[in-house]
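First the structure, in the form of structure tokens, and then the observations on it.
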Amino acid sequence: MGSDSTFTAQKRTSTVLPTTAAAKGGVRGRANLLLPRGRQIHKTFNNIKITILCGLVTILVLRGTIGLGNLVSTDADTENQLLIEETNRILAEIRSDRDPTDPDDQSEELFNPNVTYSLGPKISSWDKDRRAWLRKNPEFPNYVNKKPRILLVTGSPPNPCDNAIGDHYLLKGVKNKIDYCRIHGIEFVYNMAHLDMEMAGYWAKLPLIRRLMLSHPEVEWIWWMDSDALFTDMTFEIPLSKYNNFNLVIHGYPDLLFDQKSWIALNTGSFLFRNCQWSLDLLDAWAPMGPKGSIREEAGKILTANLKGRPAFEADDQSALIYLLISKKDEWMSKVFVENSFYLHGYWAGLVDRYEEMIEKYHPGLGDERWPFVTHFVGCKPCGSYGDYPVERCLKSMERAFNFADNQVLKLYGFRHRGLVSPNLKRIRNETVTPLVNVDQFDIRHSLHDSSV
Amino acid sequence: MLDRFLGPRRARQIQRLLRNGKLTLFCLLLTVIVLRGNLGAGKFGTPEKDLDEIRETFSYIRKRTEPRRVLEEATAAQGQQKSSSSTDGTENGSNNYAEFDIRKILKDEDDGTEEFKRDPSLPYSLGPKISDWDQQRAEWLKMNPNFPNFIAPKKPRVLLVTGSSPKPCENPVGDHYLLKSIKNKIDYCRLHGIEIFYNMALLDAEMAGFWAKLPLIRKLLLSHPEVEFLWWMDSDAMFTDMAFEVPWERYKDHNFVMHGWNEMIYDQKNWIGLNTGSFLLRNCQWSLDILDTWAPMGPKGKVREEAGKLLTRELKDRPVFEADDQSAMVYILGTQKDKWGDKVYLESAYYLHGYWGILVDRYEEMIENYHPGLGDHRWPLVTHFVGCKPCGKFGDYPVERCLKQMDRAFNFGDNQILQMYGFTHKTLASRRVKRTRNETSNPLEVRDELGLLHPAFKAVKVSSS
């Protein structure tokens, strides 16, 4: 190494010095065998010099490799380090799917494919039973203030997302749904439990919807919404009177469904089920492709073979429903309303860049391509590790959609975001001593109520 | 030359010394140059960096002597510092969420000018003084019969208010616990017919941190005249008794309900004699007045610091830190009992706020001996994780205890919701659920144990359908 040679070089040079010095006055020195005191001190000084020199060089080299900071380590530093390590260990434990206290965790019995899966024991008289219950319980009517009772259902897995940012957007999604539900008097259920381990993943909504329907006969419509769908029109209300003769309302395009048999003809990220026997039957007919394992794999192959454009992967609920409705068209389609006059589900890519244009030209309450009701971030998957789209585009768009909707909520309070990607607010109205004038003008609930009267 | 001043021998010695010195310096210089050449000046080599590091180390030691109990708020400045020092791992177009720094996206898009600004020369106020709020509100309620302030006889319309920061938590699992906490509140409120407002916006930059609730509460009271009671709840508080209904009748002559003890406030002025993490405030003129009285200690900066010193002096056992809303309320009640005391109800019969430290280890015992609906020490209504700060990096308690206990409290409450549908968590620490009863073909015959599916407090007035 280079430094070594300098070391030795120095040593050699330093050793040269005393000897040359000694050589000069050497005669006298060699004459005396015992070195005089002066010489000894001189030698000592030289040694000290060499020591200091070597010490300096060592420090320089060490600094080069370790850095100065660590040479001055304090108790605080080590305490910090321990704390960080401990926190990371705990976070890793929390994130892992394994359950340390569960004895059956390792031995998860997979569903036996020989037995037909069912969501529950067959119920055949649900309409009659439900009507009887409603008659017996008039304090829990299915119509409140002349509007049918709706239950909005959404959910996410019980464990933390793979990345912290995923949980943050789940939280923002929940706030967005809470706001819409408060303004429109809709009840909200957020599910974080796997009710049925066989129907895990996107199929988890089926057992959940069935369970909620049966436990809440007072609910007229169950509205499932994905956790990655955001409300972007806070004023728009679903025109439920349009669906008096239908039991399933889902966004899609009939020509894509029947002519092209496309796997994205409908979207099961946002749909409404009436609480009735027909819905229970449809759920039972929908479920068989769901059970995890070989059934789902095989079903996936069938779906890929029969639906246009579907990539090869295990069966998902959307493709299964499309396949069911296509193949049993006469049995089911009479009660299914394929809605596309407003964005019950709005694919995000074509919408998020146009928000500024919408703010300029249109107004909330339209629900369609001019001011979308729902912006659905299909494919972004912020709770996982990888999405189908670049992360920056997804997150920026989700932030924009969230703030676009939040502006509509904050309008009542006299605030607005400083831009669609900004978490900060600015006032749009002065504080006043007669705030009720603003309430009458800006509260969405009052404008809705006036229009319905 | 030297010969003239000193003896010849002396001169030679000094010459030798000088020569040695010259050679030494020369070798030193060579060494430094060679080392710089090998290791480079960039990362560790520059003397300026050295000086910076030394300065930093010493200033860090100096900073450490300040009390750790300071309740800090995450500021944007801290965020910027961090993002500049962390390496930027994503190229444009990466699909991986692990490396992304959200602070790249969040930015203001206007020029920052305030169109409606408070006059900074005047003392701080939450807004222009309103003196006839009771009359204004009564008139409005008369004109809007479809938005009554009582949704059932003896049941007022309640708005539960909570909130968190619009930016992601510093702690990677913080947002997950915020999510669980809001789910817990959503469940309780759905059962009890209470509306929720989740705030994620800072309405007034001067009242940041724990004071942010004051402008928010005032704004909500004035914008929602149909709300009779506003229930503020911290984001780190969880409902653990889903069946307990707040005894609204008890408070018909009071306007402000907090958990606390009269002796600890009025006699001792103890700073933890009450808790402002969970309280009820009636929508009326009195509340606007007390908010105006409460606010002056809040504005960030010198005002808050000075107020903090006053509060530490005046209140019992209060440590040294800037003014917080809880201590300020203790001080107000302690010094102005005659003005406010008769309308303030310090509730201690049930846990409107329950300090987690004494509750979380007893959950199994509670399950064995008691049942939901009690709301007190036997089955607490609220378990409040004071000091845990799951959204920040460091709290006052060990991380493991805090997070594990929050999981247990969440499951304890969630079990009461799941039992409606025939499920329960496998254990209080487990995320997995198991059935408690089989599916049946007669679902309407089954009654849930606690009667929470169709509880009396959610019933609609029969005549109004």
Side-chain angles (χ1 to χ4, degrees), chain A residues 2 6 10 17 21 57 60 63-64 67-69 72 76 87 90-91 94 99 101-102 120-121 123 129 133 138-141 158 160 163-165 167-168 170-171 174-175 178 182 187 190 193 211 214-215 386-387 390-391 396 412-413 418-419 421-425 427 430-431 433 435-436 439, chain B residues 16 20 27 31 35 39 44 50 53 57 64 93-98 100 102 105-106 108-110 116 127-128 130 136 140 166-168 172-173 175-176 178-179 182-183 186 190 195-196 198 201 219 222-223 399-400 421 426-427 429-433 439 441 443-444 453-454 459-460 462 465:
Chain A
T6 38
Q10 262 174 331
L17 296 170
V57 173
L60 278 174
R63 214 194 78 225
L68 180 65
V72 192
T87 314
I90 295 167
L91 295 182
I94 291 178
D99 203 348
T101 59
D102 188 358
I123 298 177
D129 296 339
W133 188 95
E139 68 275 16
F140 291 96
N163 295 293
I165 200 70
D167 280 310
H168 182 70
L170 281 177
L171 186 66
V174 171
K175 171 187 159 59
I178 288 176
R182 182 184 65 252
E187 291 192 2
Y190 192 87
R211 182 71 264 156
L214 297 177
S215 299
Y386 288 89
V391 163
K396 189 165 179 191
L412 169 61
Y413 310 115
R418 287 183 184 279
V421 287
S422 167
N424 302 317
L425 302 186
R427 280 184 188 280
N430 249 335
E431 295 283 338
V433 293
L436 294 173
V439 169
Chain B
R16 248 179 272 142
N20 284 353
C27 294
T31 317
L35 281 176
L39 304 166
F44 299 109
D50 263 349
E53 280 187 294
T57 320
R64 274 282 292 163
S94 157
N95 286 28
N96 188 342
Y97 282 101
F100 193 77
I102 190 72
I105 304 179
L106 304 177
D108 290 349
E109 278 174 348
D110 64 356
F116 302 97
I130 300 179
Q136 282 190 44
W140 188 93
K167 305 192 186 115
V173 287
D175 280 303
H176 179 71
L178 284 176
L179 186 67
I182 188 59
K183 170 189 156 57
I186 288 172
R190 184 178 65 251
E195 295 185 353
I196 300 181
Y198 194 89
K219 176 57 80 178
L222 297 179
S223 307
V399 168
E400 178 150 21
Y421 306 115
K426 283 191 168 156
T427 69
S430 166
R431 294 183 203 125
R432 304 263 164 90
V433 301
E439 292 281 337
S441 52
L444 293 175
L453 273 177
H454 304 100
V460 164
V462 178
S465 46

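What you see is a predicted model, and the numbers here were worked out from it, not measured in a lab. Chain identifiers are assigned alphabetically (A, B, ...) following the order of the sequence lines, protein sequences preceding nucleic acid strands; residue numbering begins at 1 within each chain. The analysis underlying the following values was restricted to heavy atoms, covering all of them including side chains, and did not include hydrogens, waters or symmetry mates.
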Decide yes or no on side-chain contact (heavy atoms from CB on, under 4.5 Å) for Val439(A) and Trp140(B), but give the supporting numbers first.
CA-CA 10 Å; Val439(A) 169; Trp140(B) 188 93; 4.3 Å; yes
For the pair Val421(A) and Leu106(B), evaluate side-chain contact (heavy atoms from CB on, under 4.5 Å) and give the outcome as yes or no after the intermediate values.
CA-CA 5 Å; Val421(A) 287; Leu106(B) 304 177; 5.5 Å; no
side-chain contact (heavy atoms from CB on, under 4.5 Å), that's the test. Do Tyr190(A) and Leu179(B) meet it? Break it down for me.
CA-CA 10 Å; Tyr190(A) 192 87; Leu179(B) 186 67; 3.8 Å; yes
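At a 4.5 Å heavy-atom cutoff, the contact between Glu400(B) and chain A is made by backbone and side-chain atoms alike. For a residue to count as touching a neighbouring chain, one of its non-hydrogen atoms must lie under 4.5 Å from one of that chain's; by this rule Val174(A) touches chain B with the side chain only. Looking at Leu178(B), both its backbone and its side chain come within 4.5 Å of chain A, counting heavy atoms on both sides. For Asn163(A), the part sitting under 4.5 Å from any heavy atom of chain B is the side chain, from C-beta outward, and nothing else. Only the side chain of Phe140(A) comes within less than 4.5 Å of a heavy atom in chain B; its backbone stays farther off.
Your options are Gly120(A), Ala164(A), Pro158(A), and the one with the most heavy-atom pairs under 4.5 Å with chain B is Pro158(A). Of the listed residues (Asp129(A), Leu171(A), Leu170(A)), the greatest number of heavy-atom pairs within a distance under 4.5 Å of chain B belongs to Leu171(A). When each of Glu187(A), Lys396(A), Arg211(A) is checked for heavy-atom pairs under 4.5 Å with chain B, Arg211(A) comes out on top.
Note: Asn424(A) CG to Lys167(B) NZ = 5.5 Å, rounded to the nearest 0.5 Å. With rounding to the nearest 0.5 angstrom, the CD1 atom of Ile130(B) is 8.0 Å from the CD atom of Glu431(A). Between Ser223(B) atom OG and Leu412(A) atom CG the span is 4.5 Å, to the nearest 0.5 Å.
Panel note: side chain His454(B), backbone Glu139(A); no donor-acceptor pair is recorded below 3.5 Å. Under a 3.5 Å cut-off, the side chain of Arg182(A) and the backbone N or O of Ile196(B) do form a donor-acceptor pair.
Considering all non-hydrogen atoms of both residues, Pro166(B) and His168(A) come closest at O-NE2, 3.2 Å. Minimum heavy-atom separation, Ile123(A) to Ser441(B): CG1-O, 3.9 Å. What you find for Leu222(B) and Leu436(A) is that their closest heavy atoms are O-CD2, 4.0 Å.
Partners of Tyr97(B) according to the ring pair (Phe, Tyr, Trp, His ring centres under 6.0 Å) rule, which considers only residues two or more places apart in sequence or in another chain, do not exist here.
Tyr421(B) is not listed as a side-chain neighbour of Leu214(A), based on a closest heavy-atom distance of 4.5 Å or more. Using a 4.5 Å heavy-atom cutoff, the side chains of Ile165(A) and Asp175(B) are not in contact. Proximity of Pro435(A) to Gln136(B): side-chain heavy atoms (C-beta onward) are separated by under 4.5 Å at one or more points.
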